[in-house]
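Notes follow once the structure below has been shown.
Labels below follow one simple rule: chain letters A, B, ... track the order of the sequence lines, proteins then strands, and each chain is numbered from 1. This one's a predicted model, so the numbers in the text were calculated from it and none came from an experiment.
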Protein chains: 2
Amino acid sequence: MTTRDPQATALARLAALFADETRAACLLALLDGRAWTASELARHAGVAASTLSEHVSRLVAGGLLTEERQGRHRYVRLADARVAQLLEDLAAQVTPERAERPRTLRASSAGSAMARGRTCYDHLAGRLGIAVTDALTARGLLEQERGFALTDAGLAWFASAGIGLERRGRRPLARACLDWTERRPHLAGVAGAALCRHALDTGWCVRIGSERAVRVTAAGERALFDLLGVEAVALR
Amino acid sequence: MTTRDPQATALARLAALFADETRAACLLALLDGRAWTASELARHAGVAASTLSEHVSRLVAGGLLTEERQGRHRYVRLADARVAQLLEDLAAQVTPERAERPRTLRASSAGSAMARGRTCYDHLAGRLGIAVTDALTARGLLEQERGFALTDAGLAWFASAGIGLERRGRRPLARACLDWTERRPHLAGVAGAALCRHALDTGWCVRIGSERAVRVTAAGERALFDLLGVEAVALR
DNA sequence: CGGACGTTTCGGCGCCGGCCGAACCGTCCG
DNA sequence: CGGACGGTTCGGCCGGCGCCGAAACGTCCG
């Protein structure tokens, strides 16, 4: 007891950052990959600004968030893709039991927009994410049966579509991310991020309001069908 | 504030299970994939049996552990591979800063045995795990550059070596698991588990004492060289 | 049957951490 | 310059949780 396992200590300390409902709500909100101000998070989580300030400070100190100060604002975002992945993994573990039906119509429609298409940190999720992942797989661009990897044809497809895949650090090119709403894996990793970025840059999708939900535009439907054979009906 | 996000609640509740040093120590110990009795865990964690009993009950109630009662013993193990993976992910996030040097000779030699070879829930890790993963990759049996997947040749190799790969559930055939000591990915998933099971069954490796560390036998060195070209020096 | 032993329950203690409001600090802008 | 506003710090309150030891329970075994 005098000599505790330092790994256990560190693990407990890390987990403690997630182990508070207010902080968890903030982290899940930040899973949209964008920077939020402290007061936005306070409103979102329903706590006083002072309370939230302390939470954010702990998350930053713990390496889960990075901050950028601009004038009187404190912008904060998830530190990196590793943190986002960890958060996804925890959320995925938890969501099976989230069988509760939404109570209000507003919550229900917001939920269905999220289920239709959303960002998951820096890649696409929801039926949109699944449709793209399935289309890539059906065309032999992505291997799912024996793991999760791009094929030769997949590499060529990204190149021909003008979507650059730059390897940086140890982040894998392709990675599976379990979809909360679909209960199936969708494409994450460098390729997932590049595809999502391209989709938003070229207007295939636009964000709905200030939340994580995205909507596929008419141009996007056309492009997804032309390039991947994604039927518009799969996005409804 | 009256209507809290149920997902945030569930996430915080799950994380809270990891957010205690004693529970974390138990979970890390259970990462050897075997069942421990409550009193073994109490001794390992350095707390009273009564204290540990409550911890174990919480972990079982939270779905992280499953229990088997045999007579007056309560055996407990990680609930499934998903839990083990989550634990690995959390541990991997934490270990980079674990730069502390071991203090005692005993801890140091135990540490070096663990670094040489160990099990990580149900697959091989440490230099042994890395050596096997590298050998598979070098021989074109495993694809790492574009994700983490078995190749056609890889499937054939497992079949010819008499190592069955039965897909059950959604567990991927091949998956990357970040090695704590080597800071590089090693093979996990169905293939990793099958390989580890085969290695222990056929006597390629034996467990050292009652811990997670494993030792490669002379027969194991021969087999690993013959089948995969693994040099014995990579295992030292 | 009776003692040993693994486990659990219970009461009680102490600490940590989340919460708020009030005061304060900096920045922005009219 | 002065008010508005975002953010932070501080003190104080409260609840939850981890810890223990004592007592009870169940099983095993001589």
Item to check | Stepwise salt bridge (Lys or Arg N to Asp or Glu O under 4.0 Å) check, B:R82 with B:D80 | outcome: CA-CA 5 Å; B:R82 279 178 61 86; B:D80 55 36; 5.5 Å; no
Checklist entry - Side-chain donor-acceptor pair under 3.5 Å between A:T119 and A:R34, yes or no? => result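 The criterion, which ignores hydrogens and geometry beyond distance, is not satisfied for A:R34 and A:T119.
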Are any of [X]'s side-chain N or O atoms less than 4.0 Å away from OP1 or OP2 of [N]?
{"X": "A:H73", "N": "C:dG26", "result": "no"}
{"X": "A:S39", "N": "D:dG6", "result": "no"}
{"X": "B:S53", "N": "C:dT8", "result": "yes"}
{"X": "A:R74", "N": "D:dT8", "result": "yes"}
{"X": "A:S50", "N": "D:dC10", "result": "no"}
{"X": "B:R69", "N": "C:dT8", "result": "yes"}
{"X": "A:T22", "N": "C:dG18", "result": "no"}

Item to check | B:E54 or B:A38, whichever maps to the more 5' nucleotide of DNA chain C | outcome: B:A38
Next on the checklist: Return whichever of A:Q70 or A:A19 has its heavy-atom-nearest nucleotide of DNA chain C closer to the 5' end.
Outcome noted: A:A19
Checklist entry - Between D:dG7, D:dT27, D:dG18, which nucleotide gets closest to the side-chain atoms of B:D20? => result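 The closest nucleotide is D:dG18.
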Checklist entry - Quick one: does B:T37's side chain have a donor or acceptor within less than 3.5 Å of a partner on B:R74's backbone? => result no
Checklist entry - Can you check whether B:A193's main-chain N or O pairs, donor with acceptor, with B:R197's side chain at less than 3.5 Å? => result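 Such a contact is absent between B:R197 side chain and B:A193 backbone.
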